[in-house]
Amino acid sequence: MYAVVRDTTYDLDKLAQGRERLEEFQAMHARQPGYRGAIVVDAGNGRWLTVNLWETQEHSSVALPALVPEVQRLLEPMMAGPSQLIGSGPVLLSDLTGT
């Protein structure tokens, strides 16, 4: 499994009014081949730490060109600033048992 970790801060008012945008993006994200799911941590004050899980790095790389325009269209208007890539790489340990 491969993970991409991002730190994104949202404008709380825009986020509250844009939940359907978030749901639309997540549905599109979930349809990508090799997508395994996401873990999103609310770090407070609109700051979200997101771990996106993929079967392989190749799946993540292939999905990126389709996802970038959707991030720009659906998510960026709700952000307080640019999303920051924390890191990406192979998952070394996971004991996730389900949702």
Side-chain angles (χ1 to χ4, degrees):
M1 199 166 14
Y2 184 79
V4 178
V5 183
R6 299 193 75 78
D7 183 344
T8 306
T9 302
Y10 289 95
D11 177 299
L12 292 174
D13 292 330
K14 291 178 182 176
L15 185 61
Q17 295 181 2
R19 289 306 243 188
E20 69 283 345
R21 288 173 167 264
L22 187 61
E23 291 170 7
E24 181 181 345
F25 176 76
Q26 191 54 35
M28 190 267 196
H29 205 183
R31 288 191 301 271
Q32 299 305 303
Y35 182 71
R36 297 285 303 269
I39 298 169
V40 179
V41 177
D42 183 345
N45 297 318
R47 185 173 175 222
W48 289 11
L49 304 173
T50 303
V51 179
N52 289 311
L53 299 170
W54 299 89
E55 287 181 27
T56 66
Q57 180 177 1
E58 183 179 0
H59 283 107
S60 173
S61 296
V62 167
L64 193 60
L67 293 173
V68 168
E70 297 304 312
V71 168
Q72 293 169 335
R73 180 176 72 86
L74 295 167
L75 302 183
E76 284 185 3
M78 298 186 295
M79 293 179 188
S83 180
Q84 300 295 315
L85 176 65
I86 294 173
S88 60
V91 173
L92 299 178
L93 173 66
S94 172
D95 62 358
L96 296 174
T97 57
T99 55

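For the single chain, residues carry numbers from 1 onward in sequence order. The structure displayed is predicted, hence computed values, not measured ones.
- By the neighbour-count criterion of 12 heavy atoms within 6.0 Å, atom CG of Asn45 is sparsely surrounded, having that number or fewer from other residues, nucleotides or ligands.
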May I have the step-by-step check of side-chain contact (heavy atoms from CB on, under 4.5 Å) for Glu55 and Met1, ending in yes or no? CA-CA 5 Å; Glu55 287 181 27; Met1 199 166 14; over 6 Å; no

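- The minimum heavy-atom distance linking Pro69 with Ala66 is given by the pair CD-O, 3.6 Å.
- Between Arg73 and Glu70 there is a salt bridge, with a side-chain nitrogen of the basic residue lying less than 4.0 Å from a carboxylate oxygen of the acidic one.
- Note that the CG atom of Leu74 and the CE atom of Met28 stand 8.5 Å from one another [nearest 0.5 Å].
- In this structure a side-chain-to-backbone donor-acceptor pair under 3.5 Å is present from Asp11 to Asp13.
- Distance check: Leu64 CG to Gln32 CD gives 10.0 Å after rounding to the nearest 0.5 Å.
- The ring-ring contact (aromatic ring centres under 6.0 Å, His included) contacts involving residues 51-84 comprise His29-Trp54, Tyr35-Trp54, where partners must be two or more places apart or lie in separate chains.
- Going from atom CG of Leu53 over to atom OG of Ser94 covers 7.0 Å, rounded to the nearest 0.5 Å.
- If you chain together hydrophobic residues whose side chains sit under 4.5 Å apart, Val41 and Val5 fall into the same group.
- Residues Val91 and Ile86 share a hydrophobic cluster, clusters being chains of Ile/Leu/Val/Met/Phe/Trp/Tyr side chains in contact below 4.5 Å.
- Taking each heavy atom of Gly46 and Leu12 in turn, the nearest pair found is CA-CD2, 3.4 Å.
- Rounded to the nearest 0.5 angstrom, Ile39 CD1 and Trp48 CH2 are separated by 14.5 Å.
- Taken together through direct or relayed side-chain contacts under 4.5 Å among Ile, Leu, Val, Met, Phe, Trp and Tyr, Tyr2 and Val40 form part of one hydrophobic cluster.
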Under 3.5 Å, which donor-acceptor pairs do the side chains of residues 75-85 form with other protein atoms, sequence neighbours left out?
{"unit_1": "Ser83", "atom_1": "OG", "unit_2": "Arg6", "atom_2": "NE", "d": "3.0"}
{"unit_1": "Ser83", "atom_1": "OG", "unit_2": "Thr8", "atom_2": "OG1", "d": "2.7"}
{"unit_1": "Gln84", "atom_1": "NE2", "unit_2": "Pro82", "atom_2": "O", "d": "3.4"}

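- Between the NZ atom of Lys14 and the CZ atom of Arg21 there is a distance of 10.0 Å, given to the nearest 0.5 Å.
- If you chain together hydrophobic residues whose side chains sit under 4.5 Å apart, Leu67 and Tyr10 fall into the same group.
- The number of heavy-atom neighbours closer than 6.0 Å to CD of Gln26, taken from other residues, nucleotides and ligands shown, is above 12.
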